[in-house]
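Below: one structure, written as structure tokens.
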Amino acid sequence: MTAVGTPSAPKPGPPRKERWFQSRRSTFSWEQEGLDHVRQLMPAAEPYRAWATFSFTAASGRTNECDLFIAVPGGLYLLELKGHPGRVINHGDTWQFHDDRVRTLKNPLHLTDLKCKELKGQLERAARSMGRRSAAGPVHQACSFSPCTRPGERSRRVPADQCVRPQ
């Protein structure tokens with residue numbers, strides 16, 4: 001209360017640091033569920049940050065849609081979320097999902113690796129334009145993550161030795 005008897009305005013607290021940036025929800029329910037799952041697991045501490053469902057244009061002019069880009073103590077990771085149920089077998093160029101039937105699709109790590117390299121290039125160009133050194137930047141790694149797709153099923157990530165690390 002002020003001396004006049006009217007309530008005083010609330011005092012502003014420290015600025016709130018956002019750690020999760022998502023301008024639009026995913027149009028795929030399974031993908032949004034996976035994003036929500038990762039968001040719940042992400043610590044509210046430095047240096048954790050995440051950018052979800054965004055696009056960028058590479059220097060080549062190619063538009064890249066990205067599911068999730070995260071900053072964690074170990075570096076920067078670009079994740080591709082997949083929502084195929086069943087057991088996955090990596091055959092190099094293709095993945096097979098075994099459930100009620102067998103589905104084969106192109107290995108998403110190849111395209112995710114390309115997006116990762118192009119995003120790294122964009123970030124390095126942005127750093128140089130701001131006068132910052134980028135030669136010793138953090139590690140960028142492309143990974144694929146399959147969120148829970150059915151009750152009782154556990155989330156799974158492609159093992160690290162099947163992820164690709166851009167040079």
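Side chains included, hydrogens not; waters and symmetry mates left out as well; all remaining heavy atoms used.
- Every residue meeting the side chain to side chain donor-acceptor pair (under 3.5 Å) condition with Q122, not counting sequence neighbours, appears here in chain and number order: R125.
- Going from atom CG of L111 over to atom CD of E80 covers 7.0 Å, rounded to the nearest 0.5 Å.
- Under the salt bridge (Lys or Arg N to Asp or Glu O under 4.0 Å) criterion, the residue pairs touching residues 34-51 are K17-E46, R19-E46, E46-R49, with sequence neighbours excluded.
- For F28, the ring pair (Phe, Tyr, Trp, His ring centres under 6.0 Å) partners are W30, not counting sequence neighbours.
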Please set out all donor-acceptor pairs under 3.5 angstrom arising from side-chain atoms of residues 61-75, sequence neighbours excluded.
from: R62; atom 1: NH2; to: N64; atom 2: OD1; distance (Å): 2.5
from: R62; atom 1: NH2; to: E118; atom 2: OE1; distance (Å): 3.3
from: N64; atom 1: ND2; to: E118; atom 2: OE1; distance (Å): 2.7
from: D67; atom 1: OD2; to: L81; atom 2: N; distance (Å): 2.7

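- In this structure, CG on L76 lies 8.5 Å from CG on L119, to the nearest 0.5 angstrom.
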_Run the side-chain contact (heavy atoms from CB on, under 4.5 Å) test on V88 and Q96 for me, step by step, so that the C-alpha distance in whole Å, both residues' side-chain angles and the decisive distance to 0.1 Å come before the verdict._
CA-CA 6 Å; V88 64; Q96 282 188 332; over 6 Å; no
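- For the pair T53 and R25, the minimum side-chain heavy-atom distance is 4.5 Å or more.
- Hydrophobic clustering (side-chain heavy atoms under 4.5 Å, transitive across Ile, Leu, Val, Met, Phe, Trp, Tyr) keeps I89 apart from F97.
- Separation of atoms OG (S129) and CD (E124) is listed at 12.0 Å; rounding is to 0.5 Å.
- Shown here are the side chain to side chain donor-acceptor pair (under 3.5 Å) partners of W51, two or more places apart in sequence or in another chain: there are none.
- One N or O on the side chain of N107 and one on the backbone of G92 form a donor-acceptor pair closer than 3.5 Å.
- Atom CH2 of W95 is separated from atom NZ of K82 by 8.0 Å, given to the nearest 0.5 angstrom.
- F56 CZ to L123 CG: the interatomic distance, rounded to the nearest 0.5 Å, is 8.0 Å.
- S26 and Q32 share no side-chain donor-acceptor pair at under 3.5 Å.
- For residues 102-111, there are no salt bridge (Lys or Arg N to Asp or Glu O under 4.0 Å) pairs, not counting sequence neighbours.
- Note: the hydrophobic cluster containing V38 also contains Y48 (ILVMFWY, side chain heavy atoms under 4.5 Å, direct or indirect links).
- One distance of note links CG of L109 with CG of L114; it measures 12.5 Å at 0.5 Å rounding.
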